[in-house]
Trainee: 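One structure follows; several queries about it will come next.
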Amino acid sequence: STRSKRKKKKSCLPDTTSNQTPLQKNLQRLGVKIGIFAILVCLLVFIIGVAINVQDLDNPDSPSWLYMILIAVTLAVAAIPEGIPLCVTISLSTGCSDMVKKNV
């Protein structure tokens, strides 16, 4: 009885997982592209840093690869696209203002 009530409640809610707007789909693709690019850049920085034996100035006895992992992870965290929602909001509000001026 409880199980059938749960199923009934679930069926009452709309399935919103596939109802993405074109803007949401494009932002999703952009986020994936930025993420892949960021990972590739981090790998490149790591490989080059290990190849030229970059040392930590504060701790010169530590291995180069360990310091470069720290740098690569820092770059990866910094590359998370935090500015995308802000840019989208500004773009949408500018577009809305233009539509108001044109009485659309």
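Quick note: numbers below take in every heavy atom, side chains included, and nothing from hydrogens, waters or symmetry partners. We count residues from 1, following the sequence as given.
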Trainee: Which heavy atom of V50 sits nearest a heavy atom of M68, and at what distance?
Mentor: N-CG, 3.8 Å

Trainee: To the nearest 0.5 Å, what is the distance between CD1 (I90) and OG1 (T94)?
Mentor: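 If I round to the nearest 0.5 Å, the distance is 7.0 Å.
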
Trainee: Rounded to the nearest 0.5 Å, what's the gap from CG on D56 to CD1 on I71? Could you check?
Mentor: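 Spacing of CG (D56) from CD1 (I71) equals 8.0 Å.
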
Trainee: Tracing side-chain links under 4.5 Å among I, L, V, M, F, W and Y, which residues wind up in one group with L70?
Mentor: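 Noted: L70 shares its cluster with no other residue.
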
Trainee: Rounded to the nearest 0.5 Å, what's the gap from OG1 on T21 to CG on L27? Could you check?
Mentor: 8.0 Å

Trainee: Taking all heavy atoms of F46 and all of W65, pick out the closest pair and write down the distance.
Mentor: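 Closest pair (atom of F46, atom of W65, distance): CE1-O, 3.5 Å.
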
Trainee: Can you get from I34 to V88 by hopping between Ile, Leu, Val, Met, Phe, Trp and Tyr side chains that sit under 4.5 Å apart?
Mentor: yes

Trainee: Is there a continuous path of hydrophobic side-chain contacts, each under 4.5 Å between heavy atoms, that joins I36 to V45?
Mentor: no

Trainee: Indicate the atoms forming the closest heavy-atom contact of N53 with S64, along with that distance.
Mentor: OD1-CB, 3.1 Å

Trainee: Just how far is it from atom CZ of R29 to atom CG of N26, taken to the nearest 0.5 Å?
Mentor: 4.5 Å

Trainee: Are more than 12 heavy atoms, taken from residues, nucleotides or ligands other than L57, located less than 6.0 Å from that residue's CG atom?
Mentor: no

Trainee: Do L43 and V73 belong to the same hydrophobic cluster, where Ile, Leu, Val, Met, Phe, Trp and Tyr are linked whenever their side-chain heavy atoms lie under 4.5 Å apart, directly or via other members?
Mentor: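 Per the 4.5 Å side-chain linkage, L43 and V73 are not co-clustered.
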
Trainee: Among the clusters formed by ILVMFWY side chains lying less than 4.5 Å apart, do I47 and L66 turn up in the same one?
Mentor: yes

Trainee: Taking all atoms of both residues into account, what is the closest heavy-atom pair of C42 and A76, and its distance?
Mentor: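 Taking every non-hydrogen atom into account, SG-N, 3.4 Å.
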
Trainee: If the condition is side-chain hydrogen bond (donor to acceptor under 3.5 Å, both in side chains), which residues does Q28 pass it with, not counting sequence neighbours?
Mentor: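 In terms of side-chain hydrogen bond (donor to acceptor under 3.5 Å, both in side chains), with neighbours along the sequence ignored, Q28 is linked to no residue.
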
Trainee: Please say yes or no: joined through hydrophobic side-chain contacts below 4.5 Å, possibly via intermediate residues, are L75 and I52 part of one cluster?
Mentor: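 Same hydrophobic cluster.
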
